[in-house]
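Take a look at the structure set out below.
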Amino acid sequence: MSDYKALVENTQATLQRIAGEYAPAVFASSLAAEDMVLTDMILRAKLPITIFSLETGRLHKETLGMLDRIKETYGYEVKLYRPEQSAVDAYVRDHGLNAFYDSVEMRKECCRIRKVEPLRRALAGNKAWVTGQRRAQSATRTELEVQENDEAHGLAKFNPLADWSEEDVWHYIRSQDVPYNPLHDKGYPSIGCEPCTRAIQPGEDIRAGRWWWENPESKECGLHVVDGKLVRIKTA
Ligand code: SF4
């Protein structure tokens, strides 16, 4: 058995275990490549794990287009969570539409309104949530485990692709004919909101295009909480 085959089987087994032992469970999809691998595995196996996405109001049209691709391919409608309109309106009124460029604090406040608060609603009442994070993705994810305890949200958190490499992800997508965001072919290995994501140059870190005006250690949106900490920062 090749390492890749074992990796896929272990990941499928993890998803089966989540569905069997942690119901109700949800999968937070950003509609990027890693998340399409998990979407494919969940929907092919017809696992009772609800797939949702945070529709921040600032996503690329290509990312939103993935919702239709998933519906066409699997007949599945991804559940969407949107920010509270009154909070968005207040932020824009008080600070401006793109105030996240001004400081880390303003960026985190925008992420809090558009992502963190809707995520809290999406996770409420569930026993586990699943993400497509991988250990190799960035300086903030080097200690990622397949199973973690999300104390802040009060449920188990699974990162079934923690051990996967970027090559593994693309091998799965190509070999299983999984639909993927066309931005990945235009220099975007990591995709977030449109104003906070840029294409990267060959040789750059794969998350270099996310919040590129900030230090690598601050580049999380506060979604991935471990031991009560909002940001996972690599310790020296
Ligand atoms: S990624 Fe950018 S636009 Fe999206 S919620 Fe965070 S700061 Fe706002």
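One-based numbering, in listed order, for ligands and for the atoms of each. All of these numbers come straight from a predicted model, not from anything done at the bench. By convention here, the first residue in the shown sequence is residue 1.
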Review point. Any side-chain donor-acceptor pair under 3.5 Å between Tyr188 and Asn181?
Key: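 Checked: Tyr188/Asn181 side chains show no N/O donor-acceptor pair below 3.5 Å.
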
Review point. Any chance the side chains of Arg174 and Tyr180 put a donor and an acceptor closer than 3.5 Å?
Key: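 Note: Arg174 and Tyr180 side chains meet the donor-acceptor criterion.
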
Exercise for review: Examine all N, O or S atoms of Cys196, backbone included, and report whether one is under 2.8 Å from atom 8 (Fe) of ligand 1.
Suggested key: no

Review point. Can you tell which of Cys110, Cys193, Gly57 gets a heavy atom nearest to atom 7 (S) of ligand 1?
Key: Cys110

Check your understanding: Which residue pairs pass the ring-ring contact (aromatic ring centres under 6.0 Å, His included) test with at least one member in residues 18-41, sequence neighbours excluded?
Key ->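 As it turns out, the ring-ring contact (aromatic ring centres under 6.0 Å, His included) pairs with a partner in residues 18-41, which skip direct neighbours, are Tyr22-Phe158.
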
Check your understanding: Counting distance only, does the side-chain N/O of Asp94 pair as donor-acceptor with the main-chain N or O of Tyr91 below 3.5 Å?
Key -> no

Review point. Can you tell me if an N/O/S atom from Cys111 lies under 2.8 Å from atom 6 (Fe) of ligand 1?
Key: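 Yes, within the cut-off.
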
Review point. For ligand 1, which atoms sit closer than 4.0 Å to a heavy atom of Arg107?
Key: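 Atoms satisfying the 4.0 Å criterion: 7 (S).
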
